[in-house]
Engineer: 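Sharing a structure here in structure tokens format.
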Amino acid sequence: MKTRASIFTLIFLGLFVSTIWAQPNKEADDIKNTLTVIFDLSKADDFEGAAKYIVYSGDDNARKFVDTYNYKVRREAKDVKRITKKIKALLDITDKYNFIDFKNETRDANKIYIQMVNFVSSGQQLTTKFEFLKVGDKYLLLSVK
């Protein structure tokens with residue numbers, strides 16, 4: 001009987017540990033997938049599509065950090081274009097990119113997810129920081145640094 005209890009305990013602990021361990025990998029994978037979509041939309045100059053993946057950080061405090069940009073609003077379209085053109089420029093000047101480091105930090109009571117990306121061209125590397133917020137069940141781009 002003790003052997004059976006020990007086996008169940010080990011199985012339970014194994015499942016618990018694997019669940020905890022898998023969570024950061026799922027977050028990283030979701031963010032990499034989102035960033036790949038943003039890269040594709042930026043390369044295609046699909047500003048309206050990209051707006052759905054960028055968290056609103058304008059003057060409307062009711063929407064700030066909880067909504068995406070509305071591309072149909074002129075001021076918001078300008079912000080989306082600035083961000084996506086910056087990303088497109090990075091992609092245009094490099095041959096390839098690699099996701100290199102993923103971490104998160106808390107800032108102003110918000111959990112910020114950080115994905116570092118190396119853009120490689122002719123042996124030179126440009127490391128860029130992409131910050132994300134989780135809004136609902138989606139990870140939205142907060143900034144490119």
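Computed from a predicted model, the values in this text were never measured in an experiment.
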Engineer: Do the side chains of Val80 and Val55 join up, straight or via other hydrophobic residues, at under 4.5 Å, putting them in one cluster?
Structural biologist: no
Engineer: Taking Lys145 for the side chain and Thr128 for the main chain, is one N or O donor matched with an acceptor at less than 3.5 Å?
Structural biologist: no
Engineer: Stepwise, does the side chain to side chain contact (heavy atoms under 4.5 Å, CB included) test hold for Ile114 with Asn104?
Structural biologist: CA-CA 6 Å; Ile114 300 166; Asn104 58 63; over 6 Å; no
Engineer: Consider only side-chain heavy atoms of I, L, V, M, F, W and Y, link residues closer than 4.5 Å, and tell whether Tyr113 and Phe65 are in one cluster.
Structural biologist: no
Engineer: Sequence neighbours left out, what passes side chain to side chain contact (heavy atoms under 4.5 Å, CB included) with Gln124? Give chain and number order.
Structural biologist: none
Engineer: Using the test salt bridge (Lys or Arg N to Asp or Glu O under 4.0 Å), find all partners of Lys138 that sit at least two apart in sequence or belong to another chain.
Structural biologist: none
Engineer: Would you mind listing every salt bridge (Lys or Arg N to Asp or Glu O under 4.0 Å) that reaches into residues 38-50, with sequence neighbours excluded?
Structural biologist: Asp40-Lys43, Asp45-Lys88, Glu48-Lys72
Engineer: Is the shortest side-chain heavy-atom distance between Gln115 and Glu27 below 4.5 Å?
Structural biologist: no
Engineer: Looking at Asp30 and Lys26, is there a salt bridge between them, counting it only when a charged N and a carboxylate O are closer than 4.0 Å?
Structural biologist: yes
Engineer: Are the charged groups of Glu105 and Arg107 less than 4.0 angstrom apart, N to O?
Structural biologist: yes
Engineer: Under a 4.5 Å cut-off applied to non-hydrogen side-chain atoms, are Lys32 and Phe102 in contact?
Structural biologist: no
Engineer: Counting only heavy atoms not in Lys103, do more than 12 fall under 6.0 Å of its NZ?
Structural biologist: no
Engineer: Which pair of heavy atoms, one from Leu140 and one from Asp67, lies closest together, and at what distance?
Structural biologist: CD1-O, 4.4 Å
Engineer: Just wondering, more than 12 heavy atoms not from Tyr53 lying within 6.0 Å of its OH?
Structural biologist: no
Engineer: Count the heavy atoms of every other residue, nucleotide or ligand shown that sit under 6.0 Å from NZ of Lys129, and state whether that count exceeds 12.
Structural biologist: yes
Engineer: I need the Asn110 CG to Ile112 CD1 distance, nearest 0.5 Å.
Structural biologist: 5.5 Å
Engineer: Answer yes if the side chains of Glu76 and Asn70 hold a donor-acceptor pair under 3.5 Å, and no otherwise.
Structural biologist: no
Engineer: Nearest 0.5 angstrom please: Thr68 OG1 to Leu141 CG, how far?
Structural biologist: 12.0 Å
Engineer: Would you check if Phe132 and Leu142 make a side-chain contact, meaning some heavy-atom pair closer than 4.5 Å?
Structural biologist: no
Engineer: Report the C-alpha distance between Phe119 and Gln125 in whole Å, list the side-chain angles of each, state the deciding distance to 0.1 Å, and finish with yes or no for side chain to side chain contact (heavy atoms under 4.5 Å, CB included).
Structural biologist: CA-CA 6 Å; Phe119 292 91; Gln125 295 183 25; over 6 Å; no
Engineer: Nearest 0.5 Å, what's the NZ-OG1 distance between Lys52 and Thr34?
Structural biologist: 14.5 Å
Engineer: Once side-chain hydrogen bond (donor to acceptor under 3.5 Å, both in side chains) is applied, do any residues pair with Ser143, and if so which ones, sequence neighbours excluded?
Structural biologist: Glu131
Engineer: Could you state the interatomic distance from CG (Leu35) to OH (Tyr139), rounded to the nearest 0.5 Å?
Structural biologist: 13.5 Å
Engineer: Tell me the ring-ring contact (aromatic ring centres under 6.0 Å, His included) pairs involving residues 67-88, sequence neighbours left out?
Structural biologist: Tyr56-Tyr69
Engineer: Report the C-alpha separation of Leu41 and Phe39 in whole Å, then their side-chain angles, then the decisive distance to 0.1 Å, and conclude whether the side chain to side chain contact (heavy atoms under 4.5 Å, CB included) test is met.
Structural biologist: CA-CA 6 Å; Leu41 293 168; Phe39 287 174; over 6 Å; no
Engineer: Using 0.5 Å steps for rounding, measure from the CD1 atom of Ile54 to the CD1 atom of Ile83.
Structural biologist: 4.5 Å
Engineer: Sequence neighbours excluded and cut-off under 3.5 Å, please list the side-chain donor-acceptor pairs for residues 90-100, or say none.
Structural biologist:
from  : atom 1 : to     : atom 2 : distance (Å)
Thr94 : OG1    : Leu90  : O      : 2.8
Asp95 : OD2    : Ser122 : N      : 3.2

Engineer: Nearest 0.5 Å please: distance from the OG atom of Ser57 over to the CG atom of Asp79.
Structural biologist: 6.5 Å
Engineer: In this structure, would Ile31 and Val144 fall into the same cluster of hydrophobic residues linked by side-chain contacts under 4.5 Å?
Structural biologist: yes
